Protein chains: 2
Amino acid sequence: MFSVSAKTQYAIRAMSYLATLGGRSATSAEIASAESIPSKYLEGIMSLLKTSGLVDSERGKHGGYRLAADPASITMLSIVEALDGSVKPVTCVDAIGSCAQGQGCQPRKFWIGLKDAIDEYLGERTLKDVTEG
Amino acid sequence: MFSVSAKTQYAIRAMSYLATLGGRSATSAEIASAESIPSKYLEGIMSLLKTSGLVDSERGKHGGYRLAADPASITMLSIVEALDGSVKPVTCVDAIGSCAQGQGCQPRKFWIGLKDAIDEYLGERTLKDVTEG
DNA sequence: TATATTCCTACCATCCCGATAGGAATACTG
DNA sequence: CAGTATTCCTATCGGGATGGTAGGAATATA
């Protein structure tokens, strides 16, 4: 359980690849080829990364993608959230007044604690940590 | 992302309900009614809990389910694993030699670390913690 | 104008999941 | 033994998410 979508795994590999380029930009096709990711599928992923501000893009000839920030300042949490949304074990974790049990709901506290644990782990590792040995 | 299946949430509620009975047994139908869980669906869930040794069951008239252990010694991890399997963000976390990158694969270490963080959180809370206020 | 790229929309196939149905096995009760 | 209440097993189904494809519009360069 708690498996990570292919989309997110692809995104991490794409980001890692960009991190190795030292600021140079790469086209979606180049990344797809280098990382063995379905080319057309990756296009959509790169768009999501763009929307979230994790990469910058340029269109037209000689266009492509580059990291929008230093690998050391891009958290894994930001990548994961860009594709699959925020960590939410159960739907009520962010619905403040929605719990019929009120603010003392113990299960809800339990799930929020899990979310916090995951967010903390993902938030304190960066793309640099995962990319470099 | 990382949402918990309805099956697991149902299971936790069913286990919580059993925990309130102080050792008395309850039928699947009673639990379903008390917790507003689809009755037939819950039957299958109880079977899984039985297989995992979390509950004991008796068939026939006056049959039913009871907790197999004290709520304080049933970890949330054991419940979650009974239904959705072990925490496995990516498939390679437990495939020792399967990583083409060898033992130094950094992404794999990252995912294993996430698994460990989740397992630790779930492993150190018990049914008692979640059931009681 | 030609070409290479991002970007947008629609579509499709497949799998997973929540849920239902029906009935077999089992155990108690009179 | 007959009836009944239960667990347990197997099959099925509909819907939604997911991985992946297709085609083309917008945009930039040469």
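Computed over heavy atoms, backbone and side chain alike; hydrogens, waters and symmetry mates excluded. Bear in mind that the values here come from a model prediction, so they are computed numbers and not experimental data. Chain letters run A, B, ... following the sequence lines, proteins first and then strands; every chain starts at 1.
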Given [options], the nucleotide with the shortest approach to the side chain of [X]:
X	options	answer
A/Tyr10	C/dC7, C/dT3, D/dG20	D/dG20
A/Lys40	D/dG23, C/dT6, C/dG18	D/dG23
A/Tyr41	C/dA27, D/dG19, D/dT7	D/dG19
B/Ser28	D/dT7, C/dA27, C/dT6	D/dT7
B/Tyr65	C/dA4, C/dT6, D/dC8	D/dC8

Measure the distance from [atom1] on [X] to [atom2] on [N] and round it to the nearest whole Å.
X	N	atom1	atom2	result
A/Lys61	C/dT6	NZ	P	14 Å
B/Leu48	C/dC17	CG	P	12 Å
A/Met46	C/dC7	CE	P	9 Å
B/Ile37	C/dA19	CD1	P	10 Å
A/Leu42	D/dT21	CG	C1'	14 Å
B/Ile45	D/dC9	CD1	P	15 Å
A/Leu83	D/dG19	CG	C1'	14 Å

Could you pick out which residue, A/Gly60 or A/Ser5, lies toward the 5' side of DNA chain D when each is mapped onto its nearest nucleotide?
A/Ser5
Between A/Val4 and A/Glu58, which is nearer to the 5' end of DNA chain D once each is assigned its nearest nucleotide?
A/Val4
Whether the side chain of B/Arg59 and the base of C/dT26 hold a donor-acceptor pair under 3.5 Å is what I'd like checked.
no
Check ion pair A/Glu30-A/Arg24 (N to O, under 4.0 angstrom)
yes
So, does [X] get its side chain near the phosphate of [N], meaning an N or O under 4.0 Å from OP1 or OP2?
X	N	value
A/His62	C/dA4	no
A/Lys7	D/dT18	no
A/Ser57	C/dC7	yes

Under 3.5 Å, is there a donor-acceptor pair between the A/Glu58 and A/Tyr65 side chains?
no
Within the structure shown, what part of the strands sits under 4.0 Å from B/Glu43 by heavy-atom distance: base, sugar-phosphate, or nothing?
base
Base, sugar-phosphate or nothing for A/Gly64? Non-hydrogen atoms, less than 4.0 Å.
sugar-phosphate
Tell me, with the steps shown, if A/Asp119 and A/Lys115 meet salt bridge (Lys or Arg N to Asp or Glu O under 4.0 Å).
CA-CA 6 Å; A/Asp119 279 352; A/Lys115 169 190 169 53; 2.9 Å; yes
Which heavy atom of A/Leu21 sits nearest to which heavy atom of A/Ala26, and what is that distance?
CD1-CB, 3.6 Å
What do the steps show when you test B/Arg66 against B/Val55 for side-chain contact (heavy atoms from CB on, under 4.5 Å), and what is the final call?
CA-CA 6 Å; B/Arg66 80 182 68 241; B/Val55 301; over 6 Å; no
Are the ring centres of A/Phe110 and B/Tyr121 closer than 6.0 Å?
yes
Whichever of A/Thr51 and A/Gly63 has the more 5' nearest nucleotide on DNA chain C, that residue is A/Gly63
